[in-house]
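One structure is given here, and the rest of the page talks about it.
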Amino acid sequence: MTESPLAGPADAAGWLNLPDVAVRLDVTISKVHQMIRDRELIAVRRDGIRRVPVELVANDTVRKHLPGVLNLLRDAGYDDEAAVRWLYEPDDTLPGTPAAALGGDLAREVKRRAQALGF
């Protein structure tokens, strides 16, 4: 199976640019950059612009378990592109994708699976 170098939401509506993330979270753009540096949020380049998958920013907050999952993926050696690819890889056992499962009852299972990647 060939991995797509542009993993993540399939269409442009599935992405937010960083100024839009700042508006949605009601924080400064500097705070968004800090959140990305602190692995509380993830951004990847699409069409030359750093973007965040929209479903990872729920209403006016970041998905509850996302920072923990991002840190576990980093500990397992995943860079940002690989982490987004993992978050959006369809998984019939969830069902859906790990990113979608972060918004529901299976969030802890996603975290457990991310932790297992480090072993």
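Values reported hereafter were calculated over all heavy atoms of this structure, with side chains retained and with hydrogens, waters and symmetry mates removed. Here, residue 1 is the first one in the sequence, and each next residue gets the next number.
- Interatomic distance, CZ of R39 versus CG of L72, reported as 10.5 Å (0.5 Å rounding).
- Under the salt bridge (Lys or Arg N to Asp or Glu O under 4.0 Å) criterion, R112 pairs with E109, sequence neighbours left out.
- To the nearest 0.5 angstrom, L16 atom CG is 9.0 Å from L25 atom CG.
- Residues V69 and L102 are in side-chain contact: their nearest non-hydrogen atoms beyond the backbone lie under 4.5 Å apart.
- Under the 4.5 Å side-chain contact rule for hydrophobic residues, L41 and V27 share a cluster.
- For the atom pair E40 CD and N71 CG, the distance stands at 9.0 Å (nearest 0.5 Å).
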Quick one: do D80 and L70 satisfy side-chain contact (heavy atoms from CB on, under 4.5 Å)? Show the steps, please. CA-CA 9 Å; D80 289 346; L70 293 178; over 6 Å; no
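- Put simply, CG on L117 and CZ on R74 are 15.5 Å apart, with the number rounded to the nearest 0.5 Å.
- When the side chains of ILVMFWY residues are joined at heavy-atom separations under 4.5 Å, either directly or via intervening members, V21 and I49 end up in two distinct hydrophobic clusters.
- Here D91 pairs with T93, L94, R113 under the side-chain contact (heavy atoms from CB on, under 4.5 Å) rule; sequence neighbours left out.
- A side-chain donor-acceptor contact under 3.5 Å links N17 to the backbone of D20.
- Across P19 and I29, no two heavy atoms sit closer than the pair N-CD1, 3.5 Å.
- The existence of a salt bridge linking R24 and E55 is excluded, since no basic side-chain nitrogen approaches an acidic carboxylate oxygen closer than 4.0 Å.
- Annotation: the span from R50 atom CZ to R45 atom CZ amounts to 6.5 Å, rounded to 0.5 Å.
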Step by step, would you call I42 with L56 a side-chain contact (heavy atoms from CB on, under 4.5 Å)? CA-CA 9 Å; I42 192 166; L56 299 181; 3.8 Å; yes
Pair V52, W15 - check side-chain contact (heavy atoms from CB on, under 4.5 Å), show working. CA-CA 6 Å; V52 173; W15 295 94; 5.7 Å; no
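- There is no path of hydrophobic side-chain contacts, each under 4.5 Å, that joins V57 to V23.
- In this structure, the side chain of D79 engages the main chain of E81 through a donor-acceptor pair within 3.5 Å.
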Please determine whether side-chain contact (heavy atoms from CB on, under 4.5 Å) holds for the pair T97 and W86, giving the CA-CA distance in whole Å, both sets of side-chain angles, and the decisive distance to 0.1 Å. CA-CA 8 Å; T97 65; W86 185 84; over 6 Å; no
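- To the nearest 0.5 Å, atoms CG (L18) and CE (M35) are separated by 11.0 Å.
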